[in-house]
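Right, one structure below, let's go through it.
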Amino acid sequence: MSSRPFPVRRIFCIGMNYAAHVREMGGDPSKQEPVFFMKPASAILPNNSIMPYPPQSSDLQPEVEMVVALHKGGRNIPADKVDQNYVFGYAVGLDMTCRDLQRAARETGGPWEMAKAFDHSAPCTAITPEFYAGNIARGKIELKVNGEVRQSSDVSDMIMKVPEIVSHLSTLVELFPGDLIFTGTPAGVGPVEIGDVLEATVAGLEPLLITIGSNT
C-alpha cells in the first residue's frame, strides 16, 4: 500500500448499479439506467474517524461502495483500455446519504445534491494501488453495523463494471488524474444512529471503520 497522499480532484458516484438495490428502492433493473452524481473533494472523511450526524437529517444511511482512483484521464476512453492504463488503485468508501432529504427532493422533482454532498459524506480508506490489489472485478463487498451484516454482495454483481463506468463518464466529462469514482452500493441500505460503528469491506482492501458521532 502506498504511504503517499493521493491528491483527490473530484468525486464521481454512480447510483443504481446493483440490481437488488434498484429493486429495494422501488425500481426495475431492466429499465433503470445508472445515475451519476458528484460529491465535493472536501467530503472525504479519513478511515477510523468519527462522523458527526448531519443535523439537517433524521434518516442517515450508509452505502458501502468500492472506490476507483484514476491516475490518467481523458475523453471518450475505450472501455478495453481502462484497467491497464487509467486505474491507479482501489479503496473502500461509504456514500453517506440523508435519505429523508433525498426522498423529499424526489417528491418535488428537485435536485437531491444536498442529500449526498454534505460535509463528511464520503468516508474512504487509503487507496491500495492496483499493483498490489490486482484488477478487482469480483470479491465480497459488505457493510456491518455494530458487528451485524447490513449489506453483502459481490463486486461482480455491479450492473455497469469499472471499465464501462470510466468509459461512460469520459463521454460526459473530461476525466483527470486524481478523480475518484464510487461505483455503487448493494441492497440492504438502512438508517444508522449516533454511536453506531460501521465496518465497510471489499475483499483484498483495507477495511473502513467509522463511528457515528453527535452533531453538537
Side-chain angles (χ1 to χ4, degrees), residues 10-45 49-67 92-124 141-146 148-153 155 157-160 165 168-169 172-173 180-200 202 208 210-216:
R10 296 174 296 184
I11 302 173
F12 295 98
C13 304
I14 180 171
M16 302 299 181
N17 200 31
Y18 285 77
H21 178 56
V22 174
R23 285 190 288 268
E24 78 172 343
M25 298 300 288
D28 181 346
S30 67
K31 299 178 181 178
Q32 175 70 55
E33 292 290 330
V35 176
F36 291 94
F37 58 95
M38 296 180 69
K39 294 175 182 272
S42 60
I44 290 287
L45 183 68
S49 293
I50 296 175
M51 178 190 170
Y53 198 109
Q56 68 272 24
S57 177
S58 59
D59 189 4
L60 177 66
Q61 298 191 13
E63 301 182 358
V64 60
E65 313 212 2
M66 184 176 76
V67 180
V92 182
L94 286 170
D95 170 15
M96 303 302 295
T97 303
C98 296
R99 193 71 70 198
D100 47 352
L101 301 187
Q102 186 185 44
R103 191 179 301 115
R106 282 175 167 166
E107 288 175 355
T108 61
W112 38 265
E113 180 181 13
M114 287 298 99
K116 292 278 193 178
F118 53 93
D119 293 342
H120 317 299
S121 61
C124 190
I141 179 170
E142 192 168 79
L143 172 66
K144 292 181 180 178
V145 179
N146 300 324
E148 297 185 2
V149 176
R150 175 76 63 84
Q151 294 177 274
S152 186
S153 188
V155 171
D157 291 333
M158 288 193 296
I159 297 170
M160 186 178 283
I165 295 171
H168 186 72
L169 263 179
L172 303 173
V173 295
L180 298 184
I181 303 173
F182 281 57
T183 58
T185 198
V189 297
V192 291
E193 300 177 353
I194 293 172
D196 284 348
V197 177
L198 316 181
E199 180 181 3
V202 173
L208 176 61
I210 295 293
T211 300
I212 305 300
S214 171
N215 57 16
T216 58

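Because only heavy atoms are used, hydrogens play no part in the values below, and waters and symmetry mates are left out as well, while side chains stay in.
Here the CD1-CE distance, from Ile210 to Met51, works out to 8.5 Å after rounding to the nearest 0.5 Å. With values rounded to the nearest 0.5 angstrom, Leu45 atom CG is found 10.0 Å from Cys124 atom SG. Distance NE2/His120 to OG/Ser49: 9.0 Å, rounded to 0.5 Å. Of the inter-residue distances, the one linking Gln102 atom CD with Ser57 atom OG reads 10.5 Å to the nearest 0.5 angstrom. Here CZ of Phe182 is found 12.5 Å from CD1 of Ile165. Values are rounded to the nearest 0.5 Å. To the nearest 0.5 Å, the span separating CG on Leu94 from CD on Glu63 amounts to 9.0 Å.
For Glu24, the CD atom sits in a packed shell: over 12 heavy atoms of surrounding residues, nucleotides or ligands are nearer than 6.0 Å.
Closest of all the heavy-atom pairs between Leu143 and Pro62 is CD2-CG, 3.7 Å. Val155 and Tyr18 get closest at one heavy-atom pair: CA-OH, 3.7 Å. Taking both residues in full, the closest heavy atoms of Asn215 and Tyr53 are given as CB-O, 2.7 Å, listed atom of the first, atom of the second, then distance. The shortest heavy-atom contact between Phe118 and Gln56 is CB-NE2, 3.6 Å. The shortest non-hydrogen separation linking Val173 to Phe12 is CG2-CZ, 3.8 Å. Ile50 approaches Pro52 most closely through the heavy-atom pair O-CD, 3.5 Å.
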Check against side chain to side chain donor-acceptor pair (under 3.5 Å), Glu65 and Thr183
CA-CA 6 Å; Glu65 313 212 2; Thr183 58; 5.2 Å; no

field: Chi angles and distances behind the side chain to side chain contact (heavy atoms under 4.5 Å, CB included) call for Met96, Ile212
entry: CA-CA 11 Å; Met96 303 302 295; Ile212 305 300; 4.2 Å; yes

In residues 184-199, what donor-acceptor pairs under 3.5 Å come from side-chain atoms, sequence neighbours left out?
from	atom 1	to	atom 2	distance (Å)
Thr185	OG1	Val64	N	3.2
Thr185	OG1	Val64	O	2.8
Thr185	OG1	Gln151	NE2	2.8
Asp196	OD1	Asn146	ND2	2.8
Asp196	OD2	Glu193	N	2.7

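Distance alone, capped at 3.5 Å, places no donor-acceptor pair between the Ser153 side chain and the Ile141 backbone. Under the 3.5 Å distance criterion, the side-chain polar atoms of Lys116 are left unmatched by any main-chain donor or acceptor of Lys39.
With sequence neighbours left out, the salt bridge (Lys or Arg N to Asp or Glu O under 4.0 Å) criterion links Arg103 to Asp59.
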